[in-house]
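Below is one structure, written out as structure tokens; the observations come after it.
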Amino acid sequence: MSGQQITAYVNAMFDVASANDAVAVVEDEMFRLARAYETNEALRSALSDATVPVARRQGIVEQLLGGKAHNVTVQLASLLVGTGHVSLLPQVADALVKRASSEKQLEVAEIRSAVALNDAQKTRIAEALSKATGKKLNLKVVVDPTVIGGIVATVGDEVIDDSVRTRLDQVKSRF
Amino acid sequence: MNVLSIVLAAEDPSQSHHWLFPEIGEIIYGSIASIVIFSTLYKFGWPAAKKALETRTAKIQQEIDESAAARRNAESDAANIRKALGDIASERSRILADADAQAAAILSEGRSRIAAEVAEMEARATAEIAAARSRIGDELRAEIARLSAVATNDAVRAALDDRTQQELVDGFISKVGASR
């Protein structure tokens with residue numbers, strides 16, 4: 001049931017974003033919002049709490065994204081909150097990114113870094129990964145403090161893990 | 001002076017018949033009457049008397065026999081009673097001995113059972129103590145490992161300054177770029 005719901009939401013969002021010629025912006029903002037929803041417990045509780053009126057929860061979304069995100073992104077996020085399906089936000093955002101990427105014959109590359117990356121680093125990483133995988137990539141960067149240091153890149157089923165966290169885990173496992 | 005001298009002194013010589021002795025005729029008739037009476041008594045009274053004596057003798061003998069039989073019965077009963085008393089004493093001793101034996105068996109069994117239960121409880125307690133010790137040890141090791149991991153992560157994170165972070169990113173790019 002949730003698979004069908006996700007597909008329906010993705011198709012609707014893609015159509016709306018396409019109509020507004022903002023697919024790239026919307027899918028990127030939805031992706032970042034989804035990561036924030038996953039990692040921020042307070043945000044997740046605020047948007048999921050059924051005891052809080054829907055209008056108020058939608059107000060939180062608008063307050064959070066207003067002026068910083070595309071209007072279509074704000075409306076689509078509010079739609080998920082309003083229909084009570086905000087818990088599907090990560091899956092919907094990932095599927096939307098994949099759909100948008102496939103429209104451009106791009107493969108999604110998720111980059112998890114302990115620190116924020118500048119544009120030059122993103123470009124170099126995209127070039128290096130494209131060279132390594134032989135694919136054109138749609139790079140999605142997530143700042144993830146649990147990585148501690150270095151980068152974890154996921155392209156399709158392939159994972160390139162050069163994080164400090166993994167190195168520490170390997171050292172711990174030897175003990 | 002004796003009686004005969006008194007009688008002779010009182011005799012009157014003037015009289016022909018002595019005042020004390022009866023006349024001859026009286027003696028004869030009296031004797032005949034006596035003979036008749038005794039003969040009659042002998043003929044008719046003696047058999048009855050003899051029969052009565054024999055009956056009485058037989059009755060006495062019967063009573064003597066019955067008494068003897070009763071005595072024998074009494075002696076037999078007494079013997080039986082004495083024997084029964086002996087049997088009762090023997091049965092009492094046997095019952096007491098059985099009771100003592102059963103009490104000893106129950107006591108022994110109870111001691112054995114209690115000893116077994118105590119041993120089982122001790123074994124179970126020992127196993128539980130060992131399990132608890134092992135579990136606590138495992139939990140302690142896991143907690144130490146978790147705290148160690150957190151401390152290690154925090155220490156490494158603190159040691160990674162911005163320059164090092166950028167070097168790690170550049171290292172990743174170089175490594176990936178050189179891989180194909």
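Predicted model, so just to flag it, every value in this text is computed and none were measured.
By the 6.0 Å contact criterion, NZ on A:Lys98 is open, its count of non-hydrogen atoms from other residues, nucleotides or ligands being 12 or less. Applying the 6.0 Å contact sphere to CG of A:Asp21 captures no more than 12 heavy atoms from other residues, nucleotides or ligands. The local environment of CD in B:Glu75 is crowded, with over 12 non-hydrogen atoms from other residues, nucleotides or ligands closer than 6.0 Å.
Atom CD1 of residue A:Ile111 and atom CZ of residue B:Phe172 lie 5.5 Å apart, to the nearest 0.5 angstrom. In this structure, CD in A:Gln121 is found 6.0 Å from CG in B:Asp170, a value given to the nearest 0.5 Å. Here the CG atom belonging to A:Asp162 is positioned 11.0 Å from the CD1 atom belonging to B:Ile173, to the nearest 0.5 angstrom.
No path of Ile, Leu, Val, Met, Phe, Trp and Tyr side chains, each step under 4.5 Å between heavy atoms, connects A:Val25 with A:Leu96, placing them in separate hydrophobic clusters. In this structure, A:Val86 is a member of the same hydrophobic cluster as A:Leu33, with clusters built from ILVMFWY side-chain heavy atoms closer than 4.5 Å. Residue A:Val74 is grouped with residue A:Val81 when hydrophobic side chains (ILVMFWY) are merged at heavy-atom distances under 4.5 angstrom, including chains of intermediate members. Transitive grouping of hydrophobic side chains (ILVMFWY, heavy atoms separated by less than 4.5 Å) keeps A:Val108 and A:Ile160 in distinct clusters. At a threshold of 4.5 Å between side-chain heavy atoms, the hydrophobic network of Ile, Leu, Val, Met, Phe, Trp and Tyr places A:Met30 and A:Leu65 in one connected group.
A:Glu127 places no side-chain N or O within 3.5 Å of a backbone atom of B:Gly177 that could act as its donor or acceptor partner.
In this structure the side chain of A:Ile151 never reaches within 4.5 angstrom of the side chain of B:Leu168, judged on heavy atoms. Put simply, the side chain of A:Arg165 does not reach to within 4.5 Å of the side chain of B:Asn153, judged on heavy atoms. Using a 4.5 Å cut-off on side-chain heavy atoms (C-beta onward), B:Gln166 and A:Val115 make contact.
Residue A:Thr146 touches chain B through its backbone alone, counting heavy-atom pairs closer than 4.5 Å. The contact between A:Leu168 and chain B is made entirely by side chain atoms (from C-beta outward), counting heavy-atom distances below 4.5 Å. Neither the backbone nor the side chain of B:Ala145 comes within contact range of chain A, judged by heavy atoms closer than 4.5 Å. Interface remark: B:Leu160 contributes side-chain atoms only to the contact with chain A (heavy atom separation under 4.5 Å).
Here the closest heavy-atom approach between residue B:Arg157 and residue A:Pro145 is recorded as NH2-O, 3.2 Å.
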